[in-house]
Amino acid sequence: MKNIDSKVNIVPLIAKADAISKNDLQKFKCRIMSELVSNGIQIYQFPTDDETSAQVNSSMNGLLPFAVVGSMDEVKVGKRMVRGRQYPWGVLQVENENHCDFVKLRDMLLCTNTEDLKEQTHTQHYERYRCCKLQKMGFPDVGPDNQPVSFQEIYEAKRQEFFDQCQREEEELKQKFMQRVKEKEAAFKEAEKELQDKFEHLKRIQQEETMKLEEERRQLEEEIIDFYKMKTASGSLQTQVCTNTKKDKDRKK
Ligand SMILES: Nc1nc2c(ncn2[C@@H]2O[C@H](COP(=O)(O)OP(=O)(O)OP(=O)(O)O)[C@@H](O)[C@H]2O)c(=O)[nH]1
């Protein structure tokens, strides 16, 4: 109840009022009202500021909470069919004001105070909800000096603030983006330089290897030429030796 008393009009009721004796009912009503007061629960009070309904409403306020009896059945009383509850000891008539407060409740809600209930809902509950919502959104009804403030002015100020914030965030994002681009560019340049150095290094090694191989080839070619020279010399020496040997043999003969 505490959670809803600022949102709706609360009209307290005692249901199944036929299950309690008249004396106990009065005590029960008093206990409920004192508990509502001690718990700080705001219930709907029938208005007493309108002359036409002041008297009836103030007496109805004294009857709260209304004790009602409900029934889905129609029971015969005399020649009439009435809504009520049939007991072995008699009939409880829902719409009999001596039996329960149902008629009073119905009249209070649907006839006498319908407009006031609507007005209370609008001026108290809806207004509280509206103020609360607007305050949460940053639109107070009054300024720090307790003077009413223009909704339009606050709206414009908020709009401008929001626009400025968007601009700031956009600028921050741009800066961040530029920074990231610069960082990436530097990283790419660094990687490119590393690759270039590696390439140069490999190229140097390859040139050195080529030069080494060239040297070895040149040496081999020289060796081959020397070899052929030696071979030719040894061939002519051998021929010389053979000729001399034959001459010696011929002389001996
Ligand atoms: N003695 C007595 N019994 C009642 C009264 N009103 C309802 N009952 C009985 O209580 C039971 C529940 O009644 P419902 O009308 O279904 O009550 P409800 O509050 O709609 O209950 P839910 O549908 O469970 O929310 C039924 O057996 C009714 O006959 C009453 O005023 N006096």
Side-chain angles (χ1 to χ4, degrees), residues 1-137 139-141:
M1 273 182 145
K2 251 185 180 168
N3 288 333
I4 60 167
D5 71 350
S6 57
K7 299 179 175 67
V8 290
N9 296 317
I10 294 180
V11 180
L13 296 181
I14 297 171
K16 297 187 185 179
D18 55 332
I20 189 167
S21 71
K22 284 220 166 179
N23 280 343
D24 288 346
L25 186 64
Q26 274 318 310
K27 285 181 200 157
F28 193 33
K29 280 190 177 191
C30 291
R31 216 178 80 211
I32 289 172
M33 290 311 281
S34 72
E35 277 188 22
L36 289 174
V37 172
S38 61
N39 284 292
I41 294 162
Q42 293 293 317
I43 60 168
Y44 174 74
Q45 292 285 322
F46 300 116
T48 51
D49 44 8
D50 181 357
E51 277 176 19
T52 51
S53 57
Q55 206 179 349
V56 66
N57 276 351
S58 70
S59 68
M60 288 302 142
N61 281 331
L63 277 180
L64 287 172
F66 287 129
V68 294
V69 175
S71 174
M72 300 294 284
D73 304 326
E74 294 211 323
V75 187
K76 195 163 188 184
V77 176
K79 288 179 184 167
R80 288 187 307 126
M81 291 300 284
V82 295
R83 191 160 297 280
R85 301 186 76 85
Q86 175 83 61
Y87 291 111
W89 52 89
V91 174
L92 190 146
Q93 298 172 36
V94 170
E95 294 179 60
N96 185 327
E97 289 195 45
N98 294 321
H99 292 188
C100 75
D101 297 332
F102 174 78
V103 173
K104 293 187 187 86
L105 172 70
R106 189 179 61 191
D107 288 350
M108 284 293 103
L109 299 188
L110 301 182
C111 300
T112 322
N113 297 300
T114 314
E115 280 311 312
D116 186 65
L117 280 160
K118 282 188 196 168
E119 204 180 306
Q120 287 292 321
T121 304
H122 191 76
T123 56
Q124 299 288 321
H125 304 305
Y126 174 70
E127 193 55 24
R128 189 178 291 124
Y129 165 79
R130 191 187 67 84
C131 286
C132 198
K133 274 278 165 195
L134 285 175
Q135 247 159 20
K136 271 188 195 159
M137 287 164 70
F139 293 97
D141 278 353

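Start at 1 and go down the list; that is how both ligands and their atoms are numbered. Quick caveat: nothing in here was measured; it's all calculated off a predicted structure.
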Ligand 1: which protein N/O atoms lie under 3.5 Å from its N/O atoms?
{"residue": "ligand 1", "atom": "1 (N)", "partner": "D18", "partner atom": "OD1", "Å": "3.4"}
{"residue": "ligand 1", "atom": "1 (N)", "partner": "D18", "partner atom": "OD2", "Å": "3.2"}
{"residue": "ligand 1", "atom": "3 (N)", "partner": "R85", "partner atom": "NH2", "Å": "3.2"}
{"residue": "ligand 1", "atom": "10 (O)", "partner": "K16", "partner atom": "NZ", "Å": "3.2"}
{"residue": "ligand 1", "atom": "29 (O)", "partner": "R85", "partner atom": "NH2", "Å": "3.2"}
{"residue": "ligand 1", "atom": "31 (O)", "partner": "G70", "partner atom": "N", "Å": "2.8"}
{"residue": "ligand 1", "atom": "32 (N)", "partner": "D18", "partner atom": "OD1", "Å": "2.9"}
{"residue": "ligand 1", "atom": "32 (N)", "partner": "D18", "partner atom": "OD2", "Å": "3.4"}

Mind checking the OG-CD spacing from S58 to Q45? Nearest 0.5 Å is all I need.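 It comes to 10.5 Å.
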Find the distance between CG (N96) and CZ (R83) and round it off to the nearest 0.5 Å.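 One finds 15.0 Å between CG of N96 and CZ of R83.
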Please tabulate, for the side chains in residues 63-79, all donor-acceptor contacts under 3.5 angstrom to protein atoms that are two or more places apart in sequence or on a different chain.
{"residue": "S71", "atom": "OG", "partner": "D73", "partner atom": "N", "Å": "3.0"}
{"residue": "S71", "atom": "OG", "partner": "D73", "partner atom": "O", "Å": "3.4"}
{"residue": "S71", "atom": "OG", "partner": "G84", "partner atom": "O", "Å": "2.6"}

Over all atoms of both residues, closest heavy-atom pair of T114 and C111: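 Nearest pair, atom of T114 first, then C111: OG1-N, 3.5 Å.
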How are the rings of Y126 and Y129 set relative to one another: parallel (under 30°), tilted (30 to 60°) or perpendicular (over 60°)?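 Ring orientation, 0 to 90° scale: tilted.
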Kindly indicate whether the side chain of N9, heavy atoms from C-beta on, has any atom under 4.5 Å from the side chain of Q124.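 No. Closest side-chain heavy atoms not under 4.5 Å.
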